[in-house]
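This report refers to the structure that appears directly beneath it.
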Amino acid sequence: MYITAPPSSSIPSKLIRISRVRFSSFLSTTISSSPTRLLSSFTTTSNSNRCFTSSRRSFSNLSVRGSVKNHGFDWRSPVSFGAQVRTATPLPLIERFQRNLATMASENAFRGIYTSLPKPGGGEFGKYYSLPALNDPRIDKLPYSIRILLESAIRNCDGFQVKKEDVEKIIDWERTAPKQVEIPFKPARVLLQDFTGVPAVVDLACMRDAMNKLGSDSNKINPLVPVDLVIDHSVQVDVARTENAVQSNMELEFQRNKERFAFLKWGSNAFHNMLVVPPGSGIVHQVNLEYLGRVVFNTDGTLYPDSVVGTDSHTTMIDGLGVAGWGVGGIEAEATMLGQPMSMVLPGVVGFKLSGKLQNGVTATDLVLTVTQILRKHGVVGKFVEFYGEGMGELSLADRATIANMSPEYGATMGFFPVDHVTLQYLKLTGRSDETVAMIETYLRANNMFVDYNEPQQARVYSSYLQLDLEDVEPCVSGPKRPHDRVPLKEMKADWHSCLDSKVGFKGFAVPKESQEKVVKFSFHGQSAELRHGSVVIAAITSCTNTSNPSVMLGAALVAKKACELGLEVKPWIKTSLAPGSGVVTKYLLQSGLQKYLNQQGFNIVGYGCTTCIGNSGDIDETVASAISENDIVAAAVLSGNRNFEGRVHPLTRANYLASPPLVVAYALAGTVDIDFEKEPIGVGKDGKSVYFRDIWPCTEEIAEIVQSSVLPEMFKKTYESITMGNPMWNQLSIPSSSLYSWDPNSTYIHEPPYFKNMTMDPPGPHGVKNAFCLLNFGDSITTDHISPAGSIHKDSPAAKYLLARGVDRRDFNSYGSRRGNDEVMARGTFANIRLVNKLLNGEVGPKTIHVPTGEKLHVFDAATRYKEAGHDTIVLAGAEYGSGSSRDWAAKGPMLLGVKAVIAKSFERIHRSNLVGMGIIPLCFKTGEDAETLGLTGHERYTIDLPSNVSEIRPGQDVTVVTDTGKSFICTARFDTEVELAYFNHGGILPYVIRNLSKQ
């Protein structure tokens, strides 16, 4: 099925970090990582800074307040940003701006290759830094993804933040990448969603206060690159299977989140360069793909590739458009917004060759689940994956985006698809102007960043190689607890019974044989109903992974149509939902005439957001919930999402399967995952005959014809014209005009965090750990969902008690994700996942632990509070892949607030390890072949970790001795991977580091 080349040297997981290079007086360009930066006249004195700030604010306020127009320009227009700014900004400022740009251009070490890009009909598109002009044959062999890093380094080379030596490292990638060299990178923009965006804006607001207290200018805390924030994580499926579900759910969304939304709207006005897309517009990554992605920037006449870092791990979806993008921690993103270059280990690149064509009836979802399994097996953590080969021509842009989306699930930093003719066709389909597309193609061709499969391909060098014949892909699902546990559809029934038999684990539920055929009968609103192990109770067409792909969405609608025509009907107690990633989906479903069939099967549109994929599935009917919980039924959810970790989708669905949208409909019709679709009927039709899977499954050609006739460019144009207007509920939100936020001590949504209290200009220095107790002892694959759940707040949890004590009714608890702006709630929600498996509890599952000194079983928050009150440090023991899953900064902030000083694990997920460092927590790795069990650690010991008190005496990756009070001693690797991270640790975290540096200017 696939082949691998001999593996290169082992590369440990490395992460994206903020550079140790101090802030320059001119920081960064106001719009992106352009070759030319603002000169010191804008920032060296507080007066000039205020002049620039005031001008920017007046420009920002010309746009619709709080709407997506806050960047003040329309990138789809071929007119450069500078030309558009000149129509709105006072002339003297523009003249100074232009003079400074010209001066900075002359300072670039590579100004000799800064050249004009002519238009075919005369004139020029702009100027750019030409890679071919370097005349270096090594560049021709570089992967396309590395060329983007190279162009950025050349364009930003000022001898200070980016040096000529950094450029040489990237050009010599074939030799330097295996050595784990460090390079700076300046992404063009930052992407946020509201779950991660609220805490980011809270932090920025709090940083302004800290700057004030230190006697510095709070206006220095402003994004210096474009920040796009899409509100998409707050809508829940409270109402389903009705025509008015969208409006009802949006009204409830605003009732619950009015304070959060008003805060974000305040942020979009208080901070410059921040664009906020209002609720009800779509899913962040689909909006990024269809609207926000530039592919090539034209900033004041300088052309350069679009690149983005986002606080959602699935930011990688934009890689399918040929835009380099990946997820980072929220605290890293905040530092990036403030002009800090990112430091990253120059990654290895896995070349993934695609050939052949998908078989009839096989979907892009089947393909991505297959690719995920292959890449997980190969090992791609900390690496780029770059796709190429003749099979690329058989994949639509939406198919590519589906594969790129699940990069976090297969472990890569990026899953990159270079720009080719398919990309250009998609840009035109989605409403980008012809002149913009022509500019993009001309620039990328001129800079050797465009792939033309009609021309001979020069061989590129990769770190390792994989190959997949698309014809080998077969229909499949993944589950029941992890996205990379792929199950071929033909083996699903056998695999399900194996899971029932197997011991509790990723592929097991340990249901006794005598209980496996149990049938639970109950009354569902007067109708007889029954549940068995494997009964589907949630079927959701959800998530950016699939809702951005017209072929699978229209395929699902065709399945619904055929089922309706044959007389099949989804059982009414199954909670069905459809949550498109943008309004475009609704338009083409209506254009095709197929939405009505989805409605008949209960898949009414419930809203435009992430919903079930992130745990916002809402309550299931009380009769169904009682039948499950009172009879210990292993109920199932089937969703077209990208994550299915236990406890994420819904507390009562222990089995959760990822599947294509058409398969979601098919499983909803079958009512169970305990079925062999090849041999067993889905149901009985209106003629009394059995209906099989093959009877309702559409062929590839049938889907393609409907896609061709139903998905039209005008739909994209109208959709994104309308979202710039906001919606009535959003537009009616009133906000203060102050640049400093007025914290409400009684708010349960927005609370001033304690990170900078008592902060001084002197860094606290590194800390060791003395006689710490073990707060929790984990096994493998503890996810950020386990550490900091995003879903519902359990009625008996510490967070619930906190909210009830402040007069919040249980029905208004909302979710943990929606309350990330309140550190009091989030600290109490840390390690509050009801499916948490903590070895200190000897097999008991739940959000509790043992308070070692007394032996009491307590909620984790309560135990941590006791330790803190007694003056005791705590640590966490863990297995492999600690912190996998979403790029969730609260999974590091929460433990820090609980008093955790170190995490000792077999291995860490890339972003989470970075977040731990960013919050001042020590990440330690057991040596190969060792873990808590092999060392005989139970978690009842006390742990001492000695680190030098002078940061200059600590080296990245050095060995550290850990000693217990029981006489055990073992060596760990300190996972501070660069000098940069040691600087953060010395300052107590990234954000204090940034504040101190800004204050000194």
Side-chain angles (χ1 to χ4, degrees), residues 476-483 485-524 527-540 570-576 612 615 617 619-639 641 644-659 663-684 693 834-835 837 843-846:
C476 58
V477 298
S478 279
K481 301 181 184 182
R482 295 189 300 185
D485 289 333
R486 187 180 69 91
V487 184
L489 202 60
K490 62 187 179 185
E491 299 174 13
M492 181 58 183
K493 186 178 181 73
D495 190 81
W496 172 251
H497 283 275
S498 173
C499 288
L500 291 180
D501 290 335
S502 299
K503 67 179 182 179
V504 173
F506 297 122
K507 294 289 288 185
F509 298 105
V511 177
K513 283 284 187 183
E514 62 272 15
S515 301
Q516 292 183 11
E517 301 301 321
K518 177 168 55 178
V519 179
V520 176
K521 297 185 181 295
F522 64 101
S523 177
F524 178 80
Q527 181 177 349
S528 297
E530 64 178 42
L531 291 179
R532 304 167 183 263
H533 294 300
S535 287
V536 174
V537 296
I538 291 177
V570 176
K571 300 291 190 297
W573 55 84
I574 297 176
K575 187 168 187 176
T576 46
T612 304
S617 50
D619 291 334
I620 56 177
D621 190 87
E622 288 184 5
T623 61
V624 178
S626 296
I628 295 170
S629 57
E630 292 172 7
N631 297 279
D632 199 24
I633 291 292
V634 182
V638 183
L639 64 152
N644 57 342
F645 304 125
E646 192 171 13
R648 178 185 177 97
V649 174
H650 192 281
L652 295 178
T653 57
R654 287 153 65 187
N656 302 280
Y657 286 94
L658 305 182
L663 275 178
V664 171
V665 178
Y667 273 111
L669 289 162
T672 181
V673 296
D674 185 9
I675 184 172
D676 183 338
F677 277 142
E678 289 189 358
K679 300 175 182 177
E680 298 178 78
I682 286 177
V684 178
F693 179 79
I834 63 170
R835 300 296 178 192
V837 179
E844 182 180 338
V845 176

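In this structure, CZ in F524 is found 11.5 Å from CD in E622, a value given to the nearest 0.5 Å. The OH atom of Y667 sits 9.0 Å away from the OG1 atom of T672 when rounded to the nearest 0.5 Å. For the atom pair CZ of F645 and CZ of R835, the computed distance is 16.0 Å after rounding to the nearest 0.5 Å. Rounding to the nearest 0.5 angstrom, the gap separating the OG1 atom in T623 from the CH2 atom in W573 is 10.0 Å. For the atom pair R482 CZ and L658 CG, the distance stands at 12.5 Å (nearest 0.5 Å).
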Working for salt bridge (Lys or Arg N to Asp or Glu O under 4.0 Å), residues E530 and R532: CA-CA 7 Å; E530 64 178 42; R532 304 167 183 263; 3.5 Å; yes
Verdict with reasoning, K490 to E678, per salt bridge (Lys or Arg N to Asp or Glu O under 4.0 Å): CA-CA 7 Å; K490 62 187 179 185; E678 289 189 358; over 6 Å; no
Check against side-chain contact (heavy atoms from CB on, under 4.5 Å), V536 and V673: CA-CA 7 Å; V536 174; V673 296; 4.0 Å; yes
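Across all their heavy atoms, N644 and G479 have their closest contact at ND2-CA, 3.4 Å. Residues F506 and P480 approach most closely at O-CD, 3.7 Å, considering heavy atoms. Among all heavy-atom pairs drawn from A635 and I628, the shortest one is CB-CD1, 3.7 Å. Pairing each heavy atom of A659 with each of V664, the nearest pair is O-CG2, 4.0 Å. Between T612 and A540 the shortest heavy-atom distance is OG1-CB, 3.5 Å.
Side chains of L489 and V477 form a contact here, defined as non-hydrogen atoms less than 4.5 Å apart. Residues L652 and I620 meet the side-chain proximity criterion, which asks for heavy atoms closer than 4.5 Å. Under the 4.5 Å side-chain criterion, counting only non-hydrogen atoms from C-beta, M492 is in contact with Y657. No side-chain heavy atom of V537 sits less than 4.5 Å from a side-chain heavy atom of I574. Proximity of K507 to S502: side-chain heavy atoms (C-beta onward) are nowhere separated by under 4.5 Å. Between E844 and V837, the closest side-chain pair of non-hydrogen atoms is not below 4.5 Å. No side-chain heavy atom of I834 sits under 4.5 Å from any side-chain heavy atom of V845. Taking 4.5 Å as the limit, some side-chain heavy atom of I682 sits within range of a side-chain heavy atom of F693.
Checking S498 against D501 by side-chain atom types alone, no donor-acceptor pair falls below 3.5 Å.
No donor-acceptor pair under 3.5 Å is formed between the side chain of R648 and the backbone N or O of N656. Looking only at distances, a side-chain donor or acceptor of T653 sits under 3.5 Å from a matching main-chain atom of H650. The backbone N or O of V649 sits less than 3.5 Å from a side-chain atom of S617, completing a donor-acceptor pair. At least one donor-acceptor pair under 3.5 Å links the side chain of S478 to the backbone N or O of P483. No donor-acceptor pair closer than 3.5 Å links the side chain of K575 to the backbone N or O of A539. N631 places no side-chain N or O within 3.5 Å of a backbone atom of I633 that could act as its donor or acceptor partner.
With salt bridges taken as basic N to acidic carboxylate O contacts below 4.0 Å, none links R486 and D495.
If you run side-chain hydrogen bond (donor to acceptor under 3.5 Å, both in side chains) between D632 and each of K518, R654, H533, only R654 comes through.
Classification of the F509-W496 ring pair by plane angle, with boundaries at 30° and 60°, yields tilted.
Evaluation of the side chain to side chain contact (heavy atoms under 4.5 Å, CB included) rule for K493 yields H497, D674, D676, E680 as partners, not counting sequence neighbours.
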